[in-house]
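For reference, the structure discussed in these notes is given below.
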Protein chains: 2
Amino acid sequence: MSKKNACCPEIDIPTCCDMRGMLSFLILWLLTKRSMYGQEIAEELAKMRGTKPTPGTIYPALKELRIKGLIKAKKEGKNVIYSLTDSGKNGIDEACKYFCSSFGEIFQEYK
Amino acid sequence: MSKKNACCPEIDIPTCCDMRGMLSFLILWLLTKRSMYGQEIAEELAKMRGTKPTPGTIYPALKELRIKGLIKAKKEGKNVIYSLTDSGKNGIDEACKYFCSSFGEIFQEYK
DNA sequence: TTAAATATATTGGTCACCCAATATAATGCA
DNA sequence: TGCATTATATTGGGTGACCAATATATTTAA
């Protein structure tokens with residue numbers, strides 16, 4: 001019924017329903033902790049979700065967030081360091097409130 | 001920065017990142033509470049998320065869950081009552097565990 | 001100095017979700 | 001009976017997330 005992913009063998013990924021659609025939210029949330037470069041973000045996502053997004057997933061998502069003015073990029077050697085803009089900080093704050101009010105009930109029952 | 005939806009004026013919907021991709025998960029979760037017909041499910045989703053899915057969203061999703069054997073349908077008058085199958089009960093249980101382990105950290109900081 | 005490894009990036013294709021628009025079936029009421 | 005309402009359902013068009021494959025730039029190691 002559940003799958004495992006090579007990157008995170010301890011996490012069971014449900015097969016009944018995927019939970020795509022949360023990528024941009026999770027990226028913004030991770031960047032509230034600290035600035036990170038692309039592959040670092042991908043690895044943090046792997047730890048959380050059990051699946052590491054491929055380059056074809058993560059880089060277009062980062063590009064879109066940059067175009068929307070929610071994150072900014074700074075090249076350092078081979079890495080591109082991403083961090084939240086003021087608009088991104090406001091946005092993720094709102095989004096977290098919404099997320100908690102929408103999904104909080106599910107947590108209450110499982111904690 | 002945030003939007004309102006006619007169906008639920010008290011819920012602020014973030015504009016920085018949508019959270020699509022959780023529909024099937026939420027439908028299965030709602031059906032752990034009680035059996036419901038389509039429009040009832042749509043209204044419960046509106047209460048949770050601030051947006052009520054249109055017929056073109058909810059019915060294909062229900063059809064897909066039925067094809068996958070996760071829910072079963074019983075016609076009663078003009079209504080179709082949906083309920084979880086055993087497979088659906090196992091699936092949503094797994095999915096809830098995954099959801100809580102993946103997203104729990106976000107809640108911890110906002111509660 | 002050359003090869004391997006790491007990080008970034010794009011392309012093309014699939015899928016779940018989203019809506020508006022349209023259609024049909026069943027119910028309820030005048 | 002006939003009309004409005006409610007519920008179910010499909011179609012077509014769009015978007016974000018997803019992957020595999022491919023390419024380029026930078027750094028590291030042999």
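Just so it is clear: chains get the letters A, B, ... in the order the sequence lines come, proteins before strands, and each one is counted from 1.
- Remark: C1' of C:dA16 and CD1 of B:Ile67 are 14 Å apart, rounded to the nearest angstrom.
- Between B:Leu65 atom CG and D:dA9 atom P there is a gap of 13 Å when expressed in whole angstrom units.
- Rounded to a whole Å, the CG atom of A:Asn79 is 6 Å from the C1' atom of C:dA7.
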Contacts table for residues 65-77 of chain A: side-chain donor-acceptor under 3.5 angstrom, sequence neighbours left out:
residue: A:Lys72; atom: NZ; partner: A:Leu84; partner atom: O; Å: 3.2
residue: A:Lys75; atom: NZ; partner: A:Gly77; partner atom: O; Å: 3.2

Nucleic acid footprint by protein, nucleotides 17-30 of chain C - heavy-atom cut-off 4.0 Å, B for base, S for sugar-phosphate alone
BBBB-----SS---
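- Counting heavy atoms from C-beta outward, B:Lys4 and B:Asp12 have side chains that approach closer than 4.5 Å.
- For the pair A:Arg49 and B:Tyr98, the minimum side-chain heavy-atom distance is below 4.5 Å.
- Spacing between atom CD1 of B:Ile58 and atom C1' of D:dT8 amounts to 12 Å, rounded to whole angstrom units.
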For ring pair (Phe, Tyr, Trp, His ring centres under 6.0 Å), just list the numbers for B:Phe103 and A:Phe99, CA-CA rounded to whole Å, side-chain angles, deciding distance to a tenth of an Å, and then say yes or no.
CA-CA 10 Å; B:Phe103 296 98; A:Phe99 176 76; 5.6 Å; yes
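- The CD atom of B:Glu64 sits 6 Å away from the P atom of C:dA16 (whole-angstrom rounding).
- Within residues 33-47 of chain A, no residue places a heavy atom under 4.0 Å from DNA chain D.
- In plain terms, the two heavy atoms of A:Leu62 and A:Gly38 that are nearest each other are CD1-CA, 4.1 Å.
- As a whole-Å value, the separation of B:Arg66 CZ from D:dA9 C1' is 11 Å.
- Minimum interatomic distance between B:Ala46 and B:Lys52 (heavy atoms only, all atoms of both residues): CB-CB, 3.6 Å.
- Put simply, CD1 on A:Ile27 is 11 Å from C1' on D:dG16, counting in whole angstrom units.
- Listed pair B:Lys63 / D:dT10 meets the phosphate criterion, a side-chain N or O lying under 4.0 Å from OP1 or OP2.
- A straight line from OH of A:Tyr59 to C1' of C:dT11 spans 16 Å, rounded to a whole angstrom.
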Extract all donor-acceptor atom pairs below 3.5 Å that involve side chains of residues 23-37 of chain A and protein atoms in other chains or at least two apart in sequence.
residue: A:Thr32; atom: OG1; partner: A:Trp29; partner atom: O; Å: 2.5
residue: A:Lys33; atom: NZ; partner: B:Glu109; partner atom: OE1; Å: 3.0
residue: A:Lys33; atom: NZ; partner: B:Glu109; partner atom: OE2; Å: 2.2
residue: A:Arg34; atom: NH2; partner: A:Glu40; partner atom: OE2; Å: 3.2

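- Applying the salt bridge (charged side-chain N to carboxylate O under 4.0 Å, His left out) test to every pair with at least one member in residues 14-31 of chain A, sequence neighbours left out, gives these pairs: A:Asp18-A:Arg20.
- Every residue was checked against the side chain to side chain donor-acceptor pair (under 3.5 Å) condition with A:Tyr82, not counting sequence neighbours, and none meets it.
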